[in-house]
**Student:** 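Let me give you the structure first, and then I'll get to my questions.
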Amino acid sequence: MGENGRVSSDEGAVPRRVAVLGAGSWGTTFAKILADGGSRVTIWARRPELAREIMQSRRNSDYLPGINLPRGISASSRLPEVLDGADQLYLSVPSQSLRENLRIVRELIPADVPIVSLMKGVEKGTGLRMSEVIAQELDVPPSRIAVVSGPNLALEIAKEQPTAAVVASASLDTATTVARAASNPYFRSFVNTDVIGTEFGGVLKNLIAVAIGIVDGVGYGENTKASIITRGLVEMTDFAVAFGALPETMSGLAGLGDLIATCESPLSRNNTAGRLLGQGYDYHEVIAQMNQTAEGLSSVAPILELAASRGVEMPIVSQVAEVLAGTLEPRDIAPHLTTDTDVPQGE
Ligand SMILES: NC(=O)c1ccc[n+]([C@@H]2O[C@H](COP(=O)([O-])OP(=O)(O)OC[C@H]3O[C@@H](n4cnc5c(N)ncnc54)[C@H](O)[C@@H]3O)[C@@H](O)[C@H]2O)c1
Ligand SMILES: O=P(O)(O)OC[C@H](O)CO
């Protein structure tokens, strides 16, 4: 089922009580989406001072400057308070910290509630998608897990600019329940059952956005960027389909849609990290300058390992890995492998 599975927010009952783990830019923005859709939302913030700021000033000034949060949101640094009585659980922590966080909350999650990943990374070392980490750590069936992805730059949505996303679950019922909660006048959730494609779309576009940032930082123009975006989509599709995704998912919101948003926007942390690399900063200097999560930097190695395991060629992602390792000059990155020789390939 494709993105024509639109869900209206006024169908059925909206969940009364929703928990969001992670008070960064996306966790907080998604809490606002849910609250503006009619849910009562409690955010878990690791730092008590951030929970206090959200409660007292209705702001999260470090992550969402200038945004007023709705009254339907509360926040706490105490997990039992956040999870008690929740009808749905949304997870928005950095991907590499998901497993350790799930181990902490495992016993506190109410039975049978949908568990929703908002994250766009794969786990280093295992190469697992976030829904797979959730299934492993919480021992829940795929029908209880959903993932949300799409062209979703947090700050634009927090400003209530009209946006769409896709909710994927092996169970269309679960996807629909989540999509109902995650719909409001400025945010529309579509549904599908292609969890693999929806998750990999969100991971892979980050890597292409790093490449775009790199060439931007070098000073290359629109031809280079359009070539990388277009060939990047081919690379994303080859990879995702090799792992069981539907090709049409990659031309939907979670694929092409998110690729466009992330590659075009200076708000993107992956794009920004790439730009710094292109300007000549090395990997460690870039990490030091980023104060938010750029998932792509951690996903490069596991994605290339997965690609090799299925014989998928990823020339652009491989070059990003080389720039990160300092073995390729940013100015030498191209939409094709420069070591490729003479034989023209089919597009
Ligand atoms: N920001 C966006 O526009 C956006 C949009 C869609 C999806 N996402 C995805 O959402 C996920 C979260 O990203 P974000 O933008 O909110 O990141 P962020 O950097 O803005 O915030 C991450 C939050 O996690 C907290 N955190 C850091 N390490 C932690 C740990 N070990 N345990 C628990 N919490 C920890 C941080 O304090 C912060 O509150 C990422 O996978 C990202 O790809 C982000
Ligand atoms: O800021 P980025 O690069 O993590 O991108 C944010 C969202 O994933 C865009 O959809």
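The first residue in the sequence is number 1, and the count goes up from there. Indexing begins at 1, ligand by ligand and atom by atom, following the structure's order.
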**Student:** State the atoms of ligand 1, each with its element, that fall below the 4.0 Å cut-off from a heavy-atom position in Leu153.
**Tutor:** 3 (O)

**Student:** Tell me: protein heavy atom nearest atom 12 (C) of ligand 1, and distance?
**Tutor:** Ser92 OG, 3.6 Å

**Student:** Using a 4.0 Å heavy-atom threshold (strictly under), name the region of Asn270 that reaches ligand 2: side chain, backbone, both or neither.
**Tutor:** both

**Student:** Does Pro94 come within less than 4.0 Å of ligand 1, judged by its heavy atoms?
**Tutor:** yes

**Student:** Taking only heavy atoms of Asn101, which atoms of ligand 1 are found under 4.0 Å from at least one of them?
**Tutor:** 30 (C), 32 (N), 33 (C)

**Student:** Mark up the atoms of ligand 1 that fall under 4.0 Å of a heavy atom belonging to Thr293, in ascending order.
**Tutor:**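 In order of number, 17 (O), 18 (P), 19 (O), 22 (C).
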
**Student:** Going by heavy atoms, is Gly150 under 4.0 Å from ligand 2?
**Tutor:** yes

**Student:** Would you say Leu50 and Val93 are hydrophobically clustered, going by side-chain heavy atoms of ILVMFWY under 4.5 Å?
**Tutor:** no

**Student:** Determine, considering heavy atoms only, which of Arg269, Lys205, Glu295 sits nearest to atom 7 (C) of ligand 2.
**Tutor:** Lys205

**Student:** Quick one: do Arg99 and Glu137 make a salt bridge, cutoff under 4.0 Å?
**Tutor:**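 Counted as a salt bridge, because a side-chain N and a carboxylate O are separated by less than 4.0 Å.
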
**Student:** Are there over 12 heavy-atom neighbours, none belonging to Tyr281, within less than 6.0 Å of that residue's OH?
**Tutor:** no

**Student:** Return yes if some donor-acceptor pair links the side-chain N/O of Glu123 with the main-chain N/O of Val133 below 3.5 Å, else return no.
**Tutor:**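 A pair under 3.5 Å: no.
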
**Student:** For atom 9 (C) of ligand 1, what's the nearest protein heavy-atom neighbour? Residue, atom name and distance, please.
**Tutor:** Leu118 O, 3.5 Å

**Student:** Hey, is Glu160 close enough to Lys32 for a salt bridge, meaning N to O under 4.0 Å?
**Tutor:** yes

**Student:** Give the residue and atom name of whichever protein heavy atom lies nearest to atom 5 (C) of ligand 1, and the separation in Å to one decimal.
**Tutor:**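 Answer for atom 5 (C) of ligand 1: Asn152 O, 2.9 Å.
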
**Student:** Quick one: nearest non-hydrogen protein atom to atom 8 (N) of ligand 1, plus distance?
**Tutor:**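 Going by distance alone, atom 8 (N) of ligand 1 is nearest to Trp26 CD1, 3.3 Å.
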
**Student:** Does ligand 1 have any atom that is closer than 4.0 Å to a heavy atom of Arg269?
**Tutor:**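 Heavy atoms of Arg269 do come under 4.0 Å of ligand 1.
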
**Student:** Does the pair Lys120/Asp258 count as a salt bridge with the N-to-O cut at 4.0 Å?
**Tutor:** yes

**Student:** Give the residue, atom name and distance (to 0.1 Å) of the protein heavy atom nearest atom 21 (O) of ligand 1.
**Tutor:**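 Ranking protein heavy atoms by distance from atom 21 (O) of ligand 1, first comes Gly24 CA, 3.2 Å.
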
**Student:** Nearest to atom 38 (C) of ligand 1, what protein heavy atom do you find, and at what distance?
**Tutor:**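 For this ligand atom, the closest protein heavy atom is Tyr63 OH, 3.3 Å.
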
**Student:** Go through ligand 1 atom by atom and flag the ones less than 4.0 Å from a non-hydrogen atom of Glu100.
**Tutor:** 31 (N)

**Student:** Using a strict cut-off of less than 4.0 Å between a Lys/Arg side-chain nitrogen and an Asp/Glu carboxylate oxygen, indicate whether Asp87 and Arg17 qualify as a salt bridge.
**Tutor:**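 Salt bridge absent between Asp87 and Arg17.
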
**Student:** So for Ala23, does at least one of its heavy atoms come nearer than 4.0 angstrom to any atom of ligand 1?
**Tutor:**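 Yes, Ala23 has heavy atoms under 4.0 Å from ligand 1.
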
**Student:** May I ask you to list the atoms of ligand 2 that are less than 4.0 angstrom from any heavy atom of Asn152?
**Tutor:** 7 (C), 9 (C), 10 (O)

**Student:** Should Pro151 be listed as contacting ligand 2, given a heavy-atom distance under 4.0 Å as the test?
**Tutor:**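 Contact present.
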
**Student:** Contact between Lys120 and ligand 2, counting heavy atoms under 4.0 Å?
**Tutor:**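 Yes.
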
**Student:** Report the C-alpha separation of Thr198 and Asn192 in whole Å, then their side-chain angles, then the decisive distance to 0.1 Å, and conclude whether the side-chain hydrogen bond (donor to acceptor under 3.5 Å, both in side chains) test is met.
**Tutor:** CA-CA 8 Å; Thr198 302; Asn192 75 35; 3.2 Å; yes

**Student:** Has Gln292 got any heavy atom lying under 4.0 angstrom from an atom of ligand 2?
**Tutor:**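 Checking ligand 2 against Gln292, which is what was asked, there is no heavy-atom contact under 4.0 Å.
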
**Student:** Are Lys225 and Glu222 close enough for a salt bridge, meaning some N to O gap below 4.0 Å?
**Tutor:**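 Looking at Lys225 and Glu222, the cut-off is met.
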
**Student:** With heavy-atom distances below 4.0 Å as the criterion, list the atoms of ligand 1 near Gln292.
**Tutor:**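 Selected atoms, number and element: 19 (O), 20 (O).
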
**Student:** Indicate if Phe243 and Ile316 have the same hydrophobic cluster label, given that clusters are the connected sets of ILVMFWY residues with side-chain heavy-atom separations under 4.5 angstrom.
**Tutor:** yes

**Student:** Identify whether Ile54 and Val18 are in the same connected component of the hydrophobic contact network (ILVMFWY, side-chain heavy atoms under 4.5 Å).
**Tutor:**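 Cluster IDs for Ile54 and Val18 match.
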
**Student:** Is the Tyr90 ring parallel, tilted or perpendicular to the Phe30 ring (thresholds 30°, 60°)?
**Tutor:**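 If you compare the ring of Tyr90 with that of Phe30, the planes turn out tilted.
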
**Student:** Could you tell me, atom by atom, which parts of ligand 1 come under 4.0 Å of a heavy atom of Met119?
**Tutor:** 41 (O)

**Student:** For atom 28 (N) of ligand 1, find the nearest protein heavy atom and state the residue, atom name and distance (0.1 Å precision).
**Tutor:** Arg46 NH2, 3.4 Å

**Student:** Check Arg129 with Glu199, please: is the shortest side-chain N to carboxylate O separation under 4.0 Å?
**Tutor:** yes

**Student:** Let me see the working for Lys159 and Glu156 under salt bridge (charged side-chain N to carboxylate O under 4.0 Å, His left out), right down to the final yes or no.
**Tutor:** CA-CA 5 Å; Lys159 291 178 178 167; Glu156 291 184 6; over 6 Å; no

**Student:** Which one holds for Glu295 and ligand 1: side chain close, backbone close, both close, or neither close, with close meaning a heavy atom under 4.0 Å?
**Tutor:**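 Answer for Glu295: side chain.
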
**Student:** Using the rule given for side-chain hydrogen bond (donor to acceptor under 3.5 Å, both in side chains), can you reason through Ser97 versus Glu100, listing the C-alpha separation, both sets of side-chain angles and the distance that settles it, and then say yes or no?
**Tutor:** CA-CA 6 Å; Ser97 76; Glu100 77 201 36; 4.9 Å; no

**Student:** As an exercise, identify every atom of ligand 2 less than 4.0 angstrom from a heavy atom of Asp258.
**Tutor:** 9 (C), 10 (O)

**Student:** Indicate yes or no: does an N/O atom of Thr293 lie under 3.5 Å from an N/O atom of ligand 2?
**Tutor:**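 Looking only at distances, the answer is no, because the N/O contact criterion of under 3.5 Å is not met.
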
**Student:** Ligand 1 versus Lys120, non-hydrogen atoms closer than 4.0 Å: side chain, backbone, both, neither?
**Tutor:** both

**Student:** Any atoms of ligand 1 less than 4.0 Å from a non-hydrogen atom of Ala154? List them with their elements.
**Tutor:** 1 (N), 2 (C), 3 (O)

**Student:** Exactly one of Ile333, Asn206, Leu297 should register a side-chain contact (heavy atoms from CB on, under 4.5 Å) with Val320. Which one does?
**Tutor:** Ile333

